[in-house]
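Just below is one structure, and these are the notes that go with it.
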Amino acid sequence: MRPTEDKHRHQGLRKKLVDQLRSNGITNEQVLAAIGQVPRHFFLDSAFDDIAYENRAFPIGEGQTISQPYTVAYQTQLLEVKRFDKVLEVGTGSAYQAVVLALLGVQVYTIERQRKLFDLTKQFKWLQSQPRIKFFYGDGFEGLPTFAPFDKILITAAAPHIPPKLVAQLKPGGVMVLPVGEGEMQQMCRVTHEEKGNLRIERFEQFSFVPMLTGKES
Ligand code: SAH
């Protein structure tokens, strides 16, 4: 069962989490404010109620995880979103990251390859009250050609390489943030599709994500 009440205690724990992220080097105050607003315990089973605001990843079923808050903050900060940006997220998972993006005023298109996780987000009542998020069931390697181009793309699973079809769905000047690598650790990369058509790749810290897999799972 999912909790539905956001108590004073949760709000206090959230504030502590934000302070921790700030001391871990997250500097974008808008990103921190968004994390401070999202009731992370709503995204987890009530068994996690006491630990939902610890800075760690948790299982959400189907062998998948809700990302660590530091990772969510780090990726969101690198994406440098602006209000009204059109953003594609690959790997909806719990939808926590999608809500953080939506709170920054962007239009979120999020795609998940696991039917069960996609169905869970459809049944998540609180989520339906969140504006500016559209959910899709499909393979993120393909992106969403019908809705392209996007200002930004965020991949929240470990990509074996920079997916070419996603690069093609970025606007000129568009930016994609993704962890790249097939080993246990991956390197966070920011790819800018420069106006002239070439790609600029910047490399950041190492992280550990679940793998980005091809095809859909029913
Ligand atoms: N953003 C999520 C974290 C998800 S973990 C959150 O905030 O909770 C990574 C997710 O990516 C998993 O749910 C996994 O099923 C999904 N995934 C992996 N490969 C994918 C692909 N090719 N297309 C879409 N989703 C994918």
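Basis for what follows: all heavy atoms, side chains included, without hydrogens, waters or symmetry-related copies. One-based numbering, in listed order, for ligands and for the atoms of each. Throughout, numbering of the chain's residues begins at 1 and tracks the sequence. Quick caveat, the model's predicted, so the values are computed rather than measured.
At the top of the distance list for atom 15 (O) of ligand 1, counting protein heavy atoms only, stands Glu112 OE2, 2.6 Å. In this structure, the protein non-hydrogen atom closest to atom 26 (C) of ligand 1 is Arg113 CG, 3.5 Å. Closest to atom 7 (O) of ligand 1 among all protein heavy atoms lies Gln97 N, 3.1 Å. At the shortest separation from atom 14 (C) of ligand 1 among protein heavy atoms lies Gln64 OE1, 3.4 Å. Protein heavy atom nearest atom 23 (N) of ligand 1, with residue, atom name and distance: Gly140 N, 2.7 Å. Looking from atom 19 (N) of ligand 1 to the surrounding protein, the closest heavy atom is Leu213 N, 3.0 Å.
Ligand 1 lies out of reach of Gly215, whose nearest heavy atom is not under 4.0 Å from it. For Glu217, the heavy-atom gap to ligand 1 stays at 4.0 angstrom or more. In this structure, Pro211 counts as a contact residue of ligand 1, since one of its heavy atoms falls inside 4.0 Å of the ligand.
Judged by distance alone, the side chain of Gln68 and the main-chain N or O of Asn55 form a donor-acceptor pair under 3.5 Å.
Checked options Leu104, Val81, Asp151; the residue passing with Val87 is Val81 (criterion: side chain to side chain contact (heavy atoms under 4.5 Å, CB included)). The only member of Thr156, Thr121, Thr92 that meets side chain to side chain donor-acceptor pair (under 3.5 Å) when paired with Thr110 is Thr92. When each of Arg14, Gln20, Lys16 is paired with Tyr53, the side chain to side chain donor-acceptor pair (under 3.5 Å) condition holds for Arg14 and for no other.
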Begin with the C-alpha distance, continue with both residues' side-chain angles, and end with the deciding distance and a verdict on ring-ring contact (aromatic ring centres under 6.0 Å, His included) for Phe43 and Phe124. CA-CA 9 Å; Phe43 295 75; Phe124 184 1; 5.2 Å; yes

Tell me, with the steps shown, if Asp50 and His41 meet side chain to side chain donor-acceptor pair (under 3.5 Å). CA-CA 9 Å; Asp50 288 337; His41 62 294; over 6 Å; no

Start with the C-alpha distance between Gln186 and Ser208, add both sets of side-chain angles, then the distance that settles side chain to side chain donor-acceptor pair (under 3.5 Å), and finish with yes or no. CA-CA 6 Å; Gln186 304 88 40; Ser208 177; 4.9 Å; no

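In summary, Lys122 and Asp119 do not engage in a salt bridge, as defined by a charged side-chain N under 4.0 Å from a carboxylate O.
When the heavy atoms of Gly63, Ser94, Gly93, Gly91 are ranked by distance to atom 8 (O) of ligand 1, first place goes to Ser94.
Closest heavy-atom contact between Glu194 and Arg200: OE2-NE, 2.9 Å.
For a threshold of 3.5 Å applied to N or O pairs, the pair formed by Ile60 and ligand 1 contains no separation below that value. Every N/O-N/O distance between Leu117 and ligand 1 stays at or above 3.5 Å. Considering backbone and side-chain N/O of Glu89, one or more are found under 3.5 Å from N/O of ligand 1.
Contact atoms of ligand 1 toward Thr156: 1 (N), 2 (C), 3 (C), 4 (C), 5 (S), 9 (C) (distance under 4.0 Å to a heavy atom of the residue). With ligand atoms numbered from 1 in the order given, ligand 1 contributes 1 (N), 2 (C), 6 (C), 8 (O) to contacts under 4.0 Å with heavy atoms of Thr92. Close approach of ligand 1 to Gln114 (heavy-atom distance below 4.0 Å) involves ligand atoms 15 (O). Atoms of ligand 1 lying under 4.0 Å from at least one heavy atom of Thr65, given by number and element, are 3 (C), 4 (C), 5 (S), 8 (O). Less than 4.0 angstrom separates some heavy atom of Gly138 from each of these atoms of ligand 1: 23 (N), 24 (C). Taking every heavy atom of Met212 and a limit of under 4.0 angstrom, the matching atoms of ligand 1 come to 18 (C), 19 (N), 22 (N). Near Ile111, with a cut-off below 4.0 Å to any heavy atom, the atoms of ligand 1 are 24 (C), 25 (N). Listed by atom number, the atoms of ligand 1 under 4.0 Å from Val210 heavy atoms are 5 (S), 9 (C).
Stacking of Arg115 on the aromatic ring of Tyr137 is recorded, both the 6.0 Å distance cut-off and the 45° axial limit being met.
Looking only at side-chain heavy atoms (C-beta outward), Phe141 and Met212 come within less than 4.5 Å of each other. Two residues are said to be in side-chain contact when any heavy atoms from C-beta on lie closer than 4.5 Å; Tyr74 and Leu21 fail this criterion.
Heavy atoms from other residues, nucleotides or ligands lying under 6.0 Å from NE2 of His8 number 12 at most.
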